[in-house]
Number of protein chains: 2
Amino acid sequence: MKKLDGELPHIQSHYEDFHTIDWQRDIARDRMRHRFIVKRKHNSIVELLKSTHDAWSGWLCVLLVGISAGAVAGVIDIGAGWMKDLKDGLCPAAFYLNREQCCWSSNDTEFEETLWTDHCDQWKTWPELLGLNEKSAVVGSFIVAYFFYILWSLFFVSLAALFVRTFAPYACGSGIPEIKTILSGFIIRGYLGKWTLTIKSLGMMLTVAAGLSLGKEGPLVHCACCIGNIFSYLFPKYGKNEAKKREILSAASAAGVSVAFGAPIGGVLFSLEEVSYYFPLKTLWRSFFCALVAAFVLRSINPFGNEHLVMFYIDYTRPWILFELVPFVMLGVFGGLIGNIFIKANLRWCQHRKYSRLGQYPITEVLVITLITSVLAFPNKFTRMNSSDLIKLLFTPCGIADEIPLCDYPRNFTNVNEHIQIANAGPGVYQSLGLLILALIFKLVITIFTFGIKVPAGLFIPSLAMGAIIGRVVGVTMEQIAYNYPKWWVFQDACSNSGESCMSPGLYAVVGAAAVLGGVTRMTVSLVVIMFELTGSVNFIVPLMTAIMAAKWVGDALGKKGVYDAHIELNGYPFLDNKEEFPHTTIAADAMRPKRSEPPLAVLTQDTMTVDDIDCLLKSTTHNGFPVVVSRESQYLVGFVTRKDLGLALTNAKRTSEVFENSLVLFHGGHVSTNPAPHAPEPIKLRRVVDLAPVTITDQTPMETVIDMFRKLGLRQVLVTHNGRLLGIITKKDILLHLKEFEDLDPESVLFR
Amino acid sequence: MKKLDGELPHIQSHYEDFHTIDWQRDIARDRMRHRFIVKRKHNSIVELLKSTHDAWSGWLCVLLVGISAGAVAGVIDIGAGWMKDLKDGLCPAAFYLNREQCCWSSNDTEFEETLWTDHCDQWKTWPELLGLNEKSAVVGSFIVAYFFYILWSLFFVSLAALFVRTFAPYACGSGIPEIKTILSGFIIRGYLGKWTLTIKSLGMMLTVAAGLSLGKEGPLVHCACCIGNIFSYLFPKYGKNEAKKREILSAASAAGVSVAFGAPIGGVLFSLEEVSYYFPLKTLWRSFFCALVAAFVLRSINPFGNEHLVMFYIDYTRPWILFELVPFVMLGVFGGLIGNIFIKANLRWCQHRKYSRLGQYPITEVLVITLITSVLAFPNKFTRMNSSDLIKLLFTPCGIADEIPLCDYPRNFTNVNEHIQIANAGPGVYQSLGLLILALIFKLVITIFTFGIKVPAGLFIPSLAMGAIIGRVVGVTMEQIAYNYPKWWVFQDACSNSGESCMSPGLYAVVGAAAVLGGVTRMTVSLVVIMFELTGSVNFIVPLMTAIMAAKWVGDALGKKGVYDAHIELNGYPFLDNKEEFPHTTIAADAMRPKRSEPPLAVLTQDTMTVDDIDCLLKSTTHNGFPVVVSRESQYLVGFVTRKDLGLALTNAKRTSEVFENSLVLFHGGHVSTNPAPHAPEPIKLRRVVDLAPVTITDQTPMETVIDMFRKLGLRQVLVTHNGRLLGIITKKDILLHLKEFEDLDPESVLFR
């Protein structure tokens, strides 16, 4: 049997920027490296330790990634919380405390933050600090508060935009489309670097605090991936091997969602369903571990400061009734519709930005959006508050003692332990619903323009907020129907017997939130699990699944792509989608290069080319590699050499031995077939740089099979043969071009750079 | 561009029993069929309807599968519940009611089943029916109850064993190893048939009711897959295409777990992590939908009769404290250890059964196991009760009013609303712990012998029960430590201040159950989600993940395979594991046939063979297919023909046209290259049966790459070439044989049949 494991072979590992990686090759390199280490482990204690370290380095790396991701998320949560409150006021006793902590430190230990009436003496709002009393100078303090709100927002956002522009242009946006592309095997240098991490973390705090309609969940996934990338360089196994590094990145993105929502399992599934391209079981386990560690670290930091460790803890005791499936499906349909409207409008706006002069003034655009957002958001209490707080408010059922307008039900409170009675909605409720609908329209419109500006911006929280609003509105409507027509047969069992409330508007908000997020991202299983973990309740699995499925169906019927895939296409990233089917009937011969009109492929012959010929070939072409054939006449395929390996090997040979321009270069192990000319120099043997096992297909192979092979095997190119003779080559780029041809698009204009 | 979509091509679809399917080919066939339908949809309304039906048939099929799976599970639950109670007694008023329903129908509407003290007048135990009073004739009624318990068990089990033996031998065991094998692309005729479904459902009720140490979860997955298989025949798209059918089966297995545990998301993940081989996103969505429908139908039937819809609803309010991670990890280690002991011992026993005379007396074996189980189980209250009830009991924390010995804490009950105080354990607790440890030993030993007998038998419930016992024992121990040393620093914050109980032994039982099941099956993410959905609580995600991860690590360190993979290996199924890495350095040339000493490969030449030559070749060989080469001398590869297609095409040609023994057979589209002899008959053109795009590799391809291609592309064979010339062939069986060679096993003895 042939030895492959003697010396560590020196196949080049590095790829150029914006190039596609060759998974097969990278994985093969890793296996060789692994064998090399295993073989030597019996030699000495040091080698044994090395081997042990190597075996555990994957787990160790994801452990470190998990710890750091948890810590970074904790810092961001704390920072964003503090800055968010800065818009409202200051803690004069200790400026570094946010409102909640400030009030903790006051004597009022029983302080409980309710979203509408919180007030404590320690915390001073800006009007108060300027000497205005909110009760006597109502208009004055409103204007001062308004002014400070806008001012701080503009200040935060301009800082964020400046940072992004100056230090890390890659830190803008949600990052998920790019991470999907990177995980599918593309190289974008610096996208996951330390500067991106720093600026994105900072920018995220600033933009979230500024009250823009965006979330920090997508960016947190990007940050976690940056952390994964940075730590992978501690372990050469991962740092020096792009395919292996992507295993760490998959785990890191799981950790990102894990800390964003406190949802470790949801994170693993998000990585599986939405982000990752290859997700073998080993990566699943590592992601699981990474997400666990990250969630644990974040729990220890406890930035939310509550016991339940879930962002939007709900506690509905009443099970749903069968008829409610109808409004749940309706919410799903709404979700699919809104998701589609959002994607289409946002895409059109992004396209406009890309190709018009607007794209040249990113900072101005950011500031204008911020100004509009803060001016319009402040007057409406529901948009003024942070989106997370809004979601929490809408998810929460009306308690006995709630006095906010949304819970304005005329109820008699005789006993705190009594069940909450169903009741007619008071004017406060209707007023709140009106404001909520205004808030929905505002959020939908502003988010379309916000997602894509040059600051860190995620989509999860705005989508959830929109959905929660729709859900709450539908929920209150249903509740009032049930109150007014309790004898209607659909409510018969649940509502008519007791006066107990038989509808939870909060549950509708949860379902609606899931539906809109599902419509926007087209997630399914991972979204259900994220909703579980977000709300801490598994009782409502069927409603959630129903709505999410409906949202997905409606969404897919109106437009195939989720928002991330749409942005990948918009940016022209070379992403070969796993989900899409190839509906055409072309064969490999149609997609391969050279086309019929083009000159034949540049090839190497195995034993008739001289150094001069090869130098010439290298100079006259720009291909990344060359097939090796038996002879120019027969074209029988021998193997494949990458440009990089060939160039290095030739340079090496020129340096170490006597090489003349007319020296023959042999790419096979045997002897020269033609008789050498007398006095010909010694031939150079370059067999070891030839990949003798290139992936080949025949020219009759259907393109869907070819695409399938590219997807599943992670190929960079295949060689096309007919009856053993080389005909051409298909690279990943050729496939993407071929796909674009069918869409009647000018291929050159859409492919990345 | 070449037309592939004119007529529907008649490539044969059917495989022989115990053969491997060719995914690429099947998927290609489906694409052609799909295109054919899409192309014709504009012709008429009927065609349009056909096309619409085709587009939705996948969803429709999983809908039907989900509904049926839910219904079957409901029937099984109800039937098993009734038979289980039959061992105890009868409802004389209405024999068809189980104890709970019997007591419902009595006036005692406030009846609440507590596991130790339930008693109602309507329900008569066997001693009572025979006129013995349980209070006066203690010994007599004990003996009568004991006797009836054994008798009914033996009766149930002998029925089950007889059914299995007579009607459906495939209905025995858990079925998951076989389903894994089938989903990986193997054909086992009748394994998913209607008889298997009927007998397995019936047998499952009987064996579960008999009180054997087995569960109905694995068998339910098998039943769901049977349903999937049966319904797929309603849709030719799936029924006639083995690769497509497996998409339905993946969804069905998700539905199986969904109804087994009321865990739809857990089911999807189980299908993904444990059962399925290929799990594209489309299958994920279908599985999700199928599991949802099944869970919904089961919920409507509501066989558990409780509101929460979860089997083991827990409601711990107290969060866990950091130090508890130590015992949780310990539970994980226990789980890994027990899982390993179980797998090794069970495997050895199954091996013994397989190769000794024991295997010839399956019914006797079943009866002996049943006799031993029932004789030993009855005296111990913890083993006498159903395993599910035991798990429920152990998961439940001790309430205020619990009077069972396990909750024998001397507490003062002054106020029902007060928090439960931590307390010293009374003698009842210690006695219960002793019984529990006995139950654990009994269950471990008897399950080793039970799993593998010739009746339907799953492993989930016994594993959970063992784990719950260990967990509860550790939990009570921890609780008592915390009670006796409240000032110890690890308990400082949580336990010392208030007298409130700071440890939940029930939580330990949950974690322990997950750990042992994790140790036995090596599931990770899916297990966590199943535990969520089983207990209805997401608050304990970190404890669960920690214990499961520890169990997996310990388990994997001691033995690589989970119980299902171990059984696949034991039975020698041709399963190419996705998880295992190939550590050797062989290349394709080492694994291919013909070996150096063997005669050359039987090939077809493209234009020099006569009908007689081919008939001869077909008779003299048994290969499933033949490569087509340019000429016997050059061996340049043209394509591949399967034996079936070739035989059929020849027969067809002989029937429809004038064919002589010396007629040339052409496998290419062009003209005959050699000059035909004068008066030679017209050649037959068989180009259309040739697969012109066979998958080829070079002889230098490392075997790990070859294995990777087989796994990811679902290949049946690859052709091995060198410089374009055909050298040999590698089939899936060759790869399995090659793998076995390294394990020093006689390959022939281990491969299936």
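Letters A, B, ... are given to chains in the order of the sequence lines, protein chains preceding strands, and every chain is numbered from 1.
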J.: Does A/R31 reach the main-chain N or O of B/H584 with its side chain, forming a donor-acceptor pair under 3.5 Å?
T.: no

J.: So, taking the atom named OG1 in B/T701 and the one named CD in A/Q24, what distance separates them when rounded to the nearest 0.5 Å?
T.: 10.0 Å

J.: Give the intermediate values and the outcome of side-chain contact (heavy atoms from CB on, under 4.5 Å) for residues B/F296 and A/T546.
T.: CA-CA 10 Å; B/F296 178 72; A/T546 310; over 6 Å; no

J.: When rounded to the nearest 0.5 angstrom, what distance separates CG in B/L527 from CZ in A/F288?
T.: 8.0 Å

J.: Which one wins on heavy-atom pair count under 4.5 Å against chain A: B/T721, B/I27, B/D699, B/T705?
T.: B/T705

J.: Tell me, for B/K282 versus chain A, whether the close heavy atoms (under 4.5 Å) come from the side chain, the backbone, both or neither.
T.: side chain

J.: Considering only heavy atoms and a distance below 4.5 Å, find which of A/I541, A/V38, A/V293 pairs most often with chain B.
T.: A/I541

J.: Do any N or O atoms from the side chain of A/T524 and from the backbone of B/W285 form a donor-acceptor pair under 3.5 angstrom?
T.: no

J.: Quick check on B/L281 against chain A: is it the side chain, the backbone, both or neither that has a heavy atom closer than 4.5 Å?
T.: side chain

J.: Hey, what's the ring geometry for A/Y636 with B/Y636, parallel, tilted or perpendicular (30° and 60° as the breaks)?
T.: parallel

J.: Nearest 0.5 angstrom please: B/S634 OG to A/N723 CG, how far?
T.: 8.5 Å

J.: Side chain, backbone, both or neither: which part of B/S300 has an atom under 4.5 Å from a heavy atom of chain A?
T.: neither

J.: Does B/F532 form a side-chain contact (heavy atoms from CB on, under 4.5 Å) with A/I265? I'd like the steps, not just the answer.
T.: CA-CA 11 Å; B/F532 281 179; A/I265 301 288; 4.1 Å; yes

J.: Which one, A/L726, A/V529, A/V695, A/L269, leads in non-hydrogen pairs under 4.5 Å with chain B?
T.: A/L269

J.: Does any heavy atom of chain A fall under 4.5 Å from the side chain of B/W23, the backbone, both, or neither of them?
T.: neither

J.: Does B/K552 count as lying over the ring of A/F289, i.e. NZ or CZ under 6.0 Å from the six-ring centre, within 45 degrees of the axis?
T.: no

J.: Rounded to the nearest 0.5 Å, how far does CG of B/L272 lie from CD of A/E273?
T.: 10.5 Å

J.: Quick one: pull up CE in B/M545 and CG in A/L292 and give me the separation to the nearest 0.5 Å.
T.: 4.5 Å

J.: Less than 4.5 Å to any heavy atom of chain A: does that hold for the side chain of B/V528, its backbone, both, or neither?
T.: side chain

J.: Roughly how far, to the nearest 0.5 Å, is the CG atom of B/L284 from the CE atom of A/M523?
T.: 11.5 Å

J.: Could you have a look at B/Q606, B/K712, B/R711 and say which one has the most heavy-atom pairs with chain A under 4.5 angstrom?
T.: B/K712

J.: Name the region of B/V525, side chain, backbone, both or neither, that has any atom closer than 4.5 Å to a heavy atom of chain A.
T.: both

